[in-house]
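All remarks here apply to the structure that follows.
Note that these values count all heavy atoms, side chains included, but never hydrogens, waters or copies made by symmetry. Counting starts at 1 for both ligands and their atoms, in listed order.
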Amino acid sequence: MTQGSTPENLRGGSSRRDFLKLSSGVTLLPAVLPVFGPLAGSTAVFASAQAAPVSQGGLPPHAGRGLASRRKAFEPLAYSNVDAVSLAKGFEWYAIASTGDVINAQGDRFGDCCDFTAFFEGEEGPDHGYLWVNHEYVITNVLHGRKVGASEKTREMVDAEMKLVGGSLLEIRRDKGNSGGRDPGKGNAKSAGQWKLVANSKKAFRVDANTDMPLVGPAAGIAKGQMVKGTMGNCGGGFTPWRTALSGEENVDIYYGKEPKGFNYGWGRYYDRPEEHYGWVVEVDIDSAQARKLTSLGRFAHEGATFVKAKDGRAVVYMGDDAAGRCVYKFISKGRISGRKEADKDLLLEGDLFVADLKGGKWVLLAPANEKLAADKEGRFKTLEAILVNTREAAKVAGGTPLNRPEDVKVHPLTGVVHFTLTNNAASGDFHGEVVALEEEGGDAGALRFVYDTYIAGGRKQGFSCPDNLVFGPEHSLWVCTDISDSAMGRGAHADFPRNSMLRVEADTKTGATVARHFLQSPRDAEITGPSFTPDFKTLFVAIQHPGESSFEDDKGYTSHWPDGGSAKPRSTLIGVKETSGRFA
Ligand code: FEO
Ligand code: CA
Ligand code: CA
Ligand code: CA
């Protein structure tokens with residue numbers, strides 16, 4: 001596609017209806033590609049894993065109705081009100097790690113509120129691996145066993161909270177046994193095929209609110225040559241082919257406030273840390289355990305950071321800024337991917353950051369060369385450093401489109417169509433959110449023009465509300481996780497949704513309409529986050545985040561006892577889901 005082509009001629013004669021239908025994650029083509037995932041570091045695997053082809057001149061015609069019928073592999077799960085993980089028939093789950101579990105030989109513990117996950121192949125073959133897991137925040141009422149205001153917290157309480165955020169690198173092995181054993185109260189899965197923590201691992205490690213890490217890239221100077229202390233608010237994320245995890249710092253303004261308005265953790269009473277040190281994407285090398293913050297990717301409430309390759313070999317990272325009226329971004333590296341870690345590992349340090357102008361169908365550069373930024377009357381955007389530290393303000397001036405809380409962004413592995421969620425914005429009358437499909441010009445992640453439309457809207461009829469995390473699974477199926485807040489769940493506009501859920505999106509085989517099939521439901525007050533598949537698609541990892549989040553609000557005690565049952569404290573838990581008689585595809 002030559003430069004200057006209009007969006008209308010990108011689709012090679014396809015109608016808009018074709019575009020929408022086909023961008024739906026149900027593009028039923030043969031799986032000709034290797035998995036686009038964080039694979040082992042050999043050059044050969046790396047090179048093939050990056051060869052994600054994209055559509056040429058419009059998406060291919062709808063095909064493969066046989067596959068569509070294979071996808072009717074499970075009956076939709078009925079919504080219920082139980083304090084449990086519920087799954088569609090044909091699947092089973094098991095717990096891998098819960099808040100407070102020891103993860104390595106030195107006794108480090110799994111943090112709270114597990115979120116984004118990314119699987120990395122291990123050195124021992126397909127039954128060995130590493131799983132990066134974000135820990136977004138802390139349910140302090142559960143940790144302390146009562147409601148504790150920020151102003152009454154002791155330093156010891158704050159220190160305990162600071163250990164529970166950031167992320168974990170887990171070392172895991174798949175059980176090849178056939179004992180048939182089950183673990184009552186911790187799932188219904190047979191042992192064989194379960195991924196389990198490697199006991200006394202020397203590779204597993206934690207990153208938390210006190211881990212030293214440098215700022216790198218164009219705005220690194222704001223740290224004045226010093227290490228930055230820690231990370232928190234680690235929500236969505238991504239991964240690179242050079243075996244690093246990308247961890248998005250999302251709601252970072254609720255931790256260090258000294259005189260907080262609204263909820264605040266009150267850590268600022270004991271620790272004085274500059275707000276500009278937070279709100280970045282953290283890159284964690286899973287092999288060296290080193291972390292750093294990538295200032296080139298901008299500073300805002302980062303949800304995920306999804307890495308793909310442009311046609312010319314540059315690295316592209318898509319990102320959402322999860323707040324009402326905020327934008328969707330992408331970064332394009334200056335250099336090109338070689339397939340060798342040493343040559344590629346700093347690719348995300350230098351490049352261009354763009355914000356999406358949906359009305360204009362274009363990506364707008366956020367740099368001093370942007371005429372609108374250069375013309376800012378207050379002179380706020382004279383340097384790239386100033387733009388990156390104040391990305392939201394720059395995006396607004398530059399013409400980025402304000403959206404209803406952009407969350408996860410995922411790219412269809414075959415077509416290159418970019419899917420992102422707008423979770424909701426009740427204040428503007430959007431209670432249920434939507435999934436958006438954005439087609440880059442020429443199907444190229446490096447393009448600066450696009451067309452977009454709603455792919456599937458949430459709502460009672462569709463059977464889901466407040467989409468947040470996305471993942472593409474086998475046969476390029478798209479899966480959606482929901483994040484209805486505790487205060488809204490089961491009430492008012494959300495009366496039909498007593499719990500959060502995970503659904504598979506697909507084409508109705510009779511009508512062709514895009515529909516969502518209910519697959520998994522969470523325990524009480526929990527959110528479904530961080531879905532990822534193993535490369536063989538035999539395991540789906542899901543982070544069950546904050547069960548019992550509203551415990552000790554209104555003198556209720558624990559509002560969930562999942563996963564341990566009885567009178568136990570609720571604990572966020574990373575689970576594995578595997579097929580018994582059902583199919584993920
Ligand atoms: Fe932490 Fe945007 O969800
Ligand atoms: Ca999220
Ligand atoms: Ca969310
Ligand atoms: Ca969350």
Keeping the roles fixed (side chain from [X], backbone from [Y]), state whether a donor-acceptor pair exists under 3.5 Å.
{"X": "Thr534", "Y": "Thr539", "result": "yes"}
{"X": "Arg571", "Y": "Pro563", "result": "no"}
{"X": "Lys153", "Y": "Tyr265", "result": "yes"}

Would you call Arg299-Glu276 a salt bridge at under 4.0 Å N-O?
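Judged by the 4.0 Å cut-off on N to carboxylate O distance, Arg299 and Glu276 do not form a salt bridge.
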So that I can tick it off, tell me whether Asp101 and Arg109 are bridged by a salt bridge, with the cut-off set at under 4.0 angstrom between side-chain N and carboxylate O.
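Between Asp101 and Arg109 there is no salt bridge, as every charged N stays at least 4.0 Å from the carboxylate O atoms.
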Considering just N/O/S atoms, say which atom of Glu527 is closest to the Ca ion (ligand 4).
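Closest N, O or S atom of Glu527 to the Ca ion (ligand 4): OE1.
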The Ca ion (ligand 4) reached by Gln545 (N, O or S, under 3.0 Å)
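Given the 3.0 Å cut-off, Gln545 counts as a ligand of the Ca ion (ligand 4).
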So, Glu136 and the Ca ion (ligand 4): N/O/S under 3.0 Å, yes or no?
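Checking the Ca ion (ligand 4) against Glu136, an N, O or S atom does fall under 3.0 Å.
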Just jot down the side-chain contact (heavy atoms from CB on, under 4.5 Å) partners of Asn469, sequence neighbours excluded, or say none.
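Only Asp115, Glu303, Asp408, Cys481, Thr529, Pro531 meet the side-chain contact (heavy atoms from CB on, under 4.5 Å) criterion with Asn469.
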Atoms named by residue and atom, protein N, O or S, within reach of atom 2 (Fe) of ligand 1 (under 2.8 Å):
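Less than 2.8 Å away from atom 2 (Fe) of ligand 1 sit Glu250 OE2, Glu303 OE1, Asp322 OD2, Glu407 OE1.
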Which atom, counting only N, O or S, brings Glu136 closest to atom 1 (Fe) of ligand 1?
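It is OE2, the N, O or S atom of Glu136 closest to atom 1 (Fe) of ligand 1.
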Assign the ring pair Phe239 / Phe120 to parallel, tilted or perpendicular, where the plane angle (0 to 90°) is split at 30° and 60°.
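Ring orientation, 0 to 90° scale: perpendicular.
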Take the angle between the ring planes of His518 and Tyr79 and call it parallel below 30°, perpendicular above 60°, tilted in between.
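Plane angle under 30°, so parallel.
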Within Asp115, is some N, O or S atom less than 2.8 Å away from atom 1 (Fe) of ligand 1?
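So Asp115 does not bind atom 1 (Fe) of ligand 1 by this criterion.
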